[in-house]
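Worksheet for the structure shown next.
Predicted model, so just to flag it, every value in this text is computed and none were measured. First the proteins, then the strands, lettered A, B, ... as listed; each starts at 1.
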Number of protein chains: 2
Amino acid sequence: MNYSRQRAEVLDQIRGHKDHPTADTIFAELRTKDPSISLATVYRNLKLLSDLGEIRKLSFVSGADRFDPTVKAHYHFICEKCGRVYDVPMKAAEVLDTDVLDSEVEMYIPGVITSHDLVFHGICDECGAVEGSALGAEV
Amino acid sequence: MNYSRQRAEVLDQIRGHKDHPTADTIFAELRTKDPSISLATVYRNLKLLSDLGEIRKLSFVSGADRFDPTVKAHYHFICEKCGRVYDVPMKAAEVLDTDVLDSEVEMYIPGVITSHDLVFHGICDECGAVEGSALGAEV
DNA sequence: GTACTTGCAAACAGTTTGCACAGTT
DNA sequence: AACTGTGCAAACTGTTTGCAAGTAC
């Protein structure tokens, strides 16, 4: 695969993220280094890179798609307030045998399952969810 | 809650679906009965009805949002080819204790979990996935 | 008459595409 | 020359919004 300068920049930029930036975020960041790069190029390369499996496209977030530098299987937690997307390490979901789950569920649906997404919703600490002590805003 | 004629029509129309129509589908269907209803009204009422918990909005499908007449907890299977969304009955996922899962995962993320979505991806039978006999298209 | 809801059109966000040009081989 | 990738602007999809008119109590 041929990596043009712009393509490499896009991949680099995403890999530098611990979070899950949108195309627009990547574009804005790259613009500061490379003022002539275009949004269309960013979109084109994000699509291409996720087709190639270099990055992962997260379409389950409302609003803009997000891109995930981490390709290996893991789940996500989305804050309902700020929209931030957090990674859930696989060991957190070890109560769940993912292969068993897929084959179990497959018996109930008219088709073949190749993968699944598991997305947790809630409120993140930064947005006011306080667990442990009784410091909630309500009540 | 006050149900205007249009609001009732929208709710009825969705409840008449076994599948998961988009706003546009609902709009097109209602237009045949009520030629003056507007798309904005459909959108407004879909939003309102899902805020009220009368229907469920599915945002994890790429493309247009879909609306689900079934409100009680269940998972979904999306065909990668045709985009159809199928329901997965809860008993199919009984390998998984959903409450345990949420509280387990909560220990690993900076926040509080209120719910989760589980979406299976694959190919549905209508699109050529043939399980059981060895009739696959590949190999 | 006050509050809520509608239809329409315009606005908007996110994404994709047509096209002429630039970069490589 | 043939190919691929780029930048720009325009197009496009899905959704929301401002507003004047309509409806319900």
Side-chain angles (χ1 to χ4, degrees), chain A residues 1-14 17 19-52 54-68 78 80 82-85, chain B residues 1-14 17 19-52 54-68 78 80 82-85:
Chain A
M1 174 52 45
N2 235 337
Y3 277 72
S4 68
R5 176 174 53 82
Q6 290 90 334
R7 182 123 73 229
E9 282 172 4
V10 169
L11 184 52
D12 266 30
Q13 194 63 33
I14 297 184
H17 273 262
D19 60 348
H20 310 76
T22 61
D24 207 69
T25 301
I26 295 296
F27 172 64
E29 290 170 354
L30 287 180
R31 265 272 154 141
T32 68
K33 308 175 180 179
D34 174 358
S36 72
I37 198 171
S38 83
L39 183 55
T41 296
V42 172
Y43 270 106
R44 275 189 284 239
N45 283 313
L46 287 172
K47 182 175 188 336
L48 197 144
L49 290 167
S50 65
D51 287 350
L52 289 174
E54 297 290 327
I55 61 178
R56 185 166 155 199
K57 180 179 178 179
L58 309 181
S59 294
F60 46 70
V61 195
S62 65
D65 285 346
R66 287 165 180 275
F67 295 87
D68 193 334
I78 302 180
E80 303 287 300
C82 63
R84 240 177 298 228
V85 179
Chain B
M1 172 55 44
N2 236 336
Y3 278 72
S4 69
R5 177 174 53 81
Q6 291 87 335
R7 183 122 75 227
E9 281 171 4
V10 169
L11 183 52
D12 266 29
Q13 193 64 34
I14 297 185
H17 272 263
D19 61 347
H20 310 77
T22 61
D24 207 69
T25 301
I26 295 297
F27 173 63
E29 291 170 354
L30 286 181
R31 264 272 154 143
T32 69
K33 307 176 182 178
D34 174 356
S36 73
I37 199 171
S38 84
L39 184 55
T41 296
V42 172
Y43 270 106
R44 275 188 285 238
N45 283 313
L46 287 173
K47 180 174 189 335
L48 197 145
L49 290 167
S50 65
D51 287 351
L52 289 175
E54 297 289 328
I55 61 177
R56 186 165 154 199
K57 180 179 177 178
L58 309 180
S59 294
F60 46 71
V61 194
S62 64
D65 284 346
R66 286 165 181 275
F67 294 87
D68 193 332
I78 302 181
E80 304 287 299
C82 64
R84 240 177 298 227
V85 179

Item checked: Rounded distance (Å) that lies between atom P of C:dG14 and atom CG of A:L46 -> 14 Å
Checklist line | Under-4.0 Å side-chain N/O to phosphate OP1/OP2 contact, A:S4 with D:dT6 | finding: yes
Notebook entry, point to check: How close or far is atom C1' of C:dT15 from atom CG of A:L58, stated in whole angstroms?
Noted result: 17 Å
Notebook entry, point to check: Nucleotide by nucleotide, 5' to 3', does protein get under 4.0 Å of the base (B), only the sugar-phosphate (S), or neither (-) in nucleotides 15-25 of chain D, counting heavy atoms?
Noted result: BBBB-------
Next item on the list: Please report, rounded to the nearest Å, how far the C1' atom of C:dC4 is from the CG atom of B:L52.
Entry: 14 Å
Check: Below 4.0 angstrom, N of the basic side chain to O of the carboxylate: do B:R5 and B:D34 qualify?
Finding: yes
Notebook entry, point to check: Is a donor on one side and an acceptor on the other found under 3.5 Å between the side chain of A:R31 and the backbone of A:I37?
Noted result: yes
Next item on the list: Compare every heavy atom of B:I26 with every heavy atom of B:P21, then report the nearest pair and how far apart it is.
Entry: CG-CD1, 3.7 Å
Check: If every non-hydrogen atom of A:F27 is compared with every non-hydrogen atom of A:L39, which pair is closest and at what distance?
Finding: CE1-N, 3.3 Å
Notebook entry, point to check: A:R7 has a side chain; which of C:dT6, D:dG7, D:dG5 sits nearest to it?
Noted result: D:dG5
Notebook entry, point to check: Phosphate oxygens OP1/OP2 of D:dC8: is one of them under 4.0 Å from a side-chain N or O of A:S38?
Noted result: no
Check: Hey, is the side chain of A:T41 poking within less than 4.0 Å of OP1 or OP2 on D:dG7, counting only N and O atoms?
Finding: yes
Margin query: Tell me the interatomic distance from A:R5, atom CZ, to D:dT6, atom C1', rounded to whole angstroms.
Written below: 9 Å
Checklist line | Integer-rounded Å distance: D:dT4 C1' and A:L48 CG | finding: 11 Å
Next item on the list: Respond yes when some side-chain nitrogen or oxygen of B:Q6 is under 4.0 Å from OP1 or OP2 of C:dG7, and no when none is.
Entry: yes
Notebook entry, point to check: Any idea which heavy atoms bring A:V61 and A:G83 closest together, and the distance?
Noted result: CG1-O, 4.5 Å
Next item on the list: To the nearest Å, give me how far apart OH (B:Y3) and C1' (C:dT6) are.
Entry: 17 Å
Next item on the list: Without swapping roles, check the side chain of B:R66 against the backbone of B:H20 for a donor-acceptor pair under 3.5 Å.
Entry: yes
Next item on the list: Begin from the C-alpha positions of A:T22 and A:F67 and carry the test side-chain contact (heavy atoms from CB on, under 4.5 Å) through to its verdict.
Entry: CA-CA 6 Å; A:T22 61; A:F67 295 87; 5.9 Å; no
